[in-house]
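Reading through the structure tokens given below for one structure.
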2 protein chains.
Amino acid sequence: MTTIHDVARVAGVSISTASYALNGKGSVAPATRRRIQRAAEKLDYKTNARARAFASGRTSILAVTEPLRADTFTSNHMAFVLAAAKAARRYDYDILLLTQEEAAGGLRRVTSGGTVDGIVILDVLTHDERVELARTLKVPSVVVGVPADTAGLVCVDLDFVAAGRMAVQRLAQAGHRRIGFIGHPAASYRPEASNFPPRLRTGLTEEAGRLGVAVDTVTPEVDYRTARRTVTELLSVREPPTALVLHAHEEAHTAALEALADLGRTVPDDVSLISVAQTFDTARFSPAIDAVPLVAERSCERATELLLAMIDGDVEPRLELLSPFYVDHGSVRRPPGTAGPPATPT
Amino acid sequence: MTTIHDVARVAGVSISTASYALNGKGSVAPATRRRIQRAAEKLDYKTNARARAFASGRTSILAVTEPLRADTFTSNHMAFVLAAAKAARRYDYDILLLTQEEAAGGLRRVTSGGTVDGIVILDVLTHDERVELARTLKVPSVVVGVPADTAGLVCVDLDFVAAGRMAVQRLAQAGHRRIGFIGHPAASYRPEASNFPPRLRTGLTEEAGRLGVAVDTVTPEVDYRTARRTVTELLSVREPPTALVLHAHEEAHTAALEALADLGRTVPDDVSLISVAQTFDTARFSPAIDAVPLVAERSCERATELLLAMIDGDVEPRLELLSPFYVDHGSVRRPPGTAGPPATPT
DNA sequence: TTGAAAGCGCTAACAT
DNA sequence: ATGTTAGCGCTTTCAA
């Protein structure tokens, strides 16, 4: 095994100089640095991560805690975990994955022993024991999501309220006066769940109220048949909505499209469609569906950035809400029989 | 920060005795051990993981490498990652997650520096660069899956061939002479993909040949409409299969059930159904579907067991295929119009 | 710009 | 059964 001593010896310098040169720290004469690098290369020297962690007090590992709950969607979770991994790697960190069992216990463990340098808390609940714990830990942490009490925390998340508003604004602008909202299962709106479904719904309904748009809300369970039946019922009333906003699982999108096809309604001629806060690609549906996407990479990139700043320095507690943006795939048009404002904004 | 020195001092022993007592190694008098434990508790002593890793050469972290490819199913991947995490924790290990980018590079990195003690390779391809690399590494690794060349490797996997056989046997026994096989998308059967889809199909078709059962195979893409159309076509021929075997994504199951309902076929009276090698619960469909399940926990538990044995000792290279088992939910009956052998085996 | 040297906190070989 | 002690390989302070 070749150590930094070997490199120093071959390069004819002291180990401290070798260390400085290899880490790009301190001041080393260019010629010396090159000599050391060549020696390291020649000897195929690899820094011993354990020794480095011990000496420096840094492991270059971040804990990522992501419980998997029944009321949430696997693909979304996976997207965030992957995004967190990607972001961490951009800064030369690896991630240690903490799952459901041992949510708080695991955090305590990897934290008290110094296994990780920081914590990324994903998929946070309105009231989350991991957040309570994180507040008391000396290891820095960042929350992706918005718990009820954000005091003393660094939180990053999509502005779900604004995302809900944005969908309504787009539809109102196209002339829709009555929209259907297909939300998550009812359980997702209870106070003990994540709070992004209610946040989105709040933005949507408040903006609708402001703009004089009626909203029919349904919250189908996570299975194709229920979703399909619910959508069919939603559209089979005397005065059906002329547009649908979806904040639901992927299968509900399929179900909605199938239900519409079955009812003989065309998108976007008869019914307009917008999907809000999804991590999957809504362009793959036929027809493609307009979206206000939830980009896991954005949240995780920013969260990681802040976390690393906390690791070597101080960061003021804060709540950073990322502005939503609109992706047009042509699934919104003005309602049938109206000659109102143009469907496409200028 | 309280160290083992503090514990030793308070307990009135040497640090080595404290270390032995705290780690359950060496021989320490029960009374002494208790004294040390009380001291540790009182001081809220936590082993410094970095120092321990440095001194012992073990980090108690396993790398789990799981690329995410387009041709595979997120929920399956997630199931295996979670199962790996769970298994690791059972043995007091944490997992460091390596994703697509840096598949081989990441392995090299966490391996050459001693960041991890071992590697769990998930979702292995028939020809997988990670496997090639793992063969050359001094850090032990275990493969979940079966690459083309298993020489020198420790591999664990469900016996997909036997799983395919089992499904056919069950149906043949119930009297079916023609079955439909709904497989993964065609791309999954190419040599550069994972090899479990072909393995399953091989077992199924060979056993069918042996038992005189005709097999109509379809390989729909991963979207609801294609799946549904394909299933409808499969059943809309002059002599349709009387049973379906599914080795496909979850949405294809929904699609198949919908297609059957649309065609007016009842399960299991008109058509029998078996789902093979799925990680999701096939009982949640209505009707519930018989299964030869793929239990991620089984594979990962055994893989981890072997990996840990490799970490402190030697393990002979091997390929361990786990026997499939059948879960009856009543979705198999004898074909309509036959009065042959009973549908349920004794 | 470079080098000498002091640990970091723990494990484990060895001595008692 | 318990204690002494030598590192583990690196980072970093301090001196030159």
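Side chains included, hydrogens not; waters and symmetry mates left out as well; all remaining heavy atoms used. Letters A, B, ... mirror the listed sequences (proteins, then strands); counts begin at 1.
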Closest to the side chain of Phe54(A), out of dG9(D), dC10(C), dG3(D), is dG9(D)
Base, sugar-phosphate, or nothing: which does Ser27(A) touch, judged by heavy atoms less than 4.0 Å apart?
-> base
Would you call Glu41(B) and Arg38(B) a salt bridge, using N to O less than 4.0 angstrom?
-> no
Can you tell me how far P of dG7(C) sits from CZ of Arg50(B), to the nearest Å?
-> 19 Å
Between CG of Asp312(B) and P of dT11(C) the distance, given in whole Å, is 16 Å
Distance-only donor-acceptor hits, side chain of residues 53-64 of chain A, under 3.5 Å, sequence neighbours excluded:
unit_1, atom_1, unit_2, atom_2, d
Ser56(A), OG, Arg52(A), O, 2.7
Ser56(A), OG, Arg58(A), N, 3.1
Ser56(A), OG, Arg58(A), O, 3.4
Thr59(A), OG1, Ile61(A), N, 3.3
Thr59(A), OG1, Thr115(A), O, 2.9
Thr59(A), OG1, Asp117(A), OD1, 3.2

When you check the gap from the basic side-chain N to the acidic O, do Arg318(A) and Glu320(A) get nearer than 4.0 Å?
-> yes
In whole Å, what is the span from the CZ atom of Arg9(A) to the C1' atom of dG9(D)?
-> 14 Å
Arg58(B) CZ to dA12(C) P, straight-line distance once rounded to whole Å | 9 Å
Tell me yes or no: between the side chains of Thr17(A) and Ser14(A), is some donor less than 3.5 Å from an acceptor?
-> yes
Are the charged groups of Arg298(B) and Glu301(B) less than 4.0 angstrom apart, N to O?
-> no
Of Gly12(B) and Met1(A), the one whose closest DNA chain D nucleotide lies more 5' | Gly12(B)
Just checking, is any N or O donor in the side chain of Asn76(B) or Thr279(B) under 3.5 Å from an acceptor N or O on the other one?
-> yes
Do the side chains of Tyr20(A) and Ile15(A) get nearer than 4.5 Å, heavy atoms only?
-> no
Considering only heavy atoms, which members of residues 106-114 of chain A lie under 4.0 Å from some atom of DNA chain D?
-> none
Please report the C-alpha distance between Val120(B) and Glu66(B) in whole Å, then the side-chain angles of each, then the deciding distance to 0.1 Å, and finally whether the side-chain contact (heavy atoms from CB on, under 4.5 Å) criterion is met.
-> CA-CA 9 Å; Val120(B) 179; Glu66(B) 163 60 281; over 6 Å; no
Separation of dC10(D) atom P from Asp6(A) atom CG, nearest Å, is 9 Å
Whole-Å distance, His5(B) NE2 to dG3(D) P, equals 13 Å
Kindly point out which of dT2(D), dT1(C), dG3(C) is positioned nearest to the side chain of Val13(A)?
-> dG3(C)
Is there a side-chain contact (heavy atoms from CB on, under 4.5 Å) between Arg109(B) and Asp94(A) once you walk through the steps?
-> CA-CA 10 Å; Arg109(B) 173 166 44 80; Asp94(A) 275 299; 2.3 Å; yes
For nucleotides 11-16 of chain D, just jot down a letter per nucleotide in 5' to 3' order: B, S or -, based on protein non-hydrogen atoms under 4.0 Å.
-> BBB---
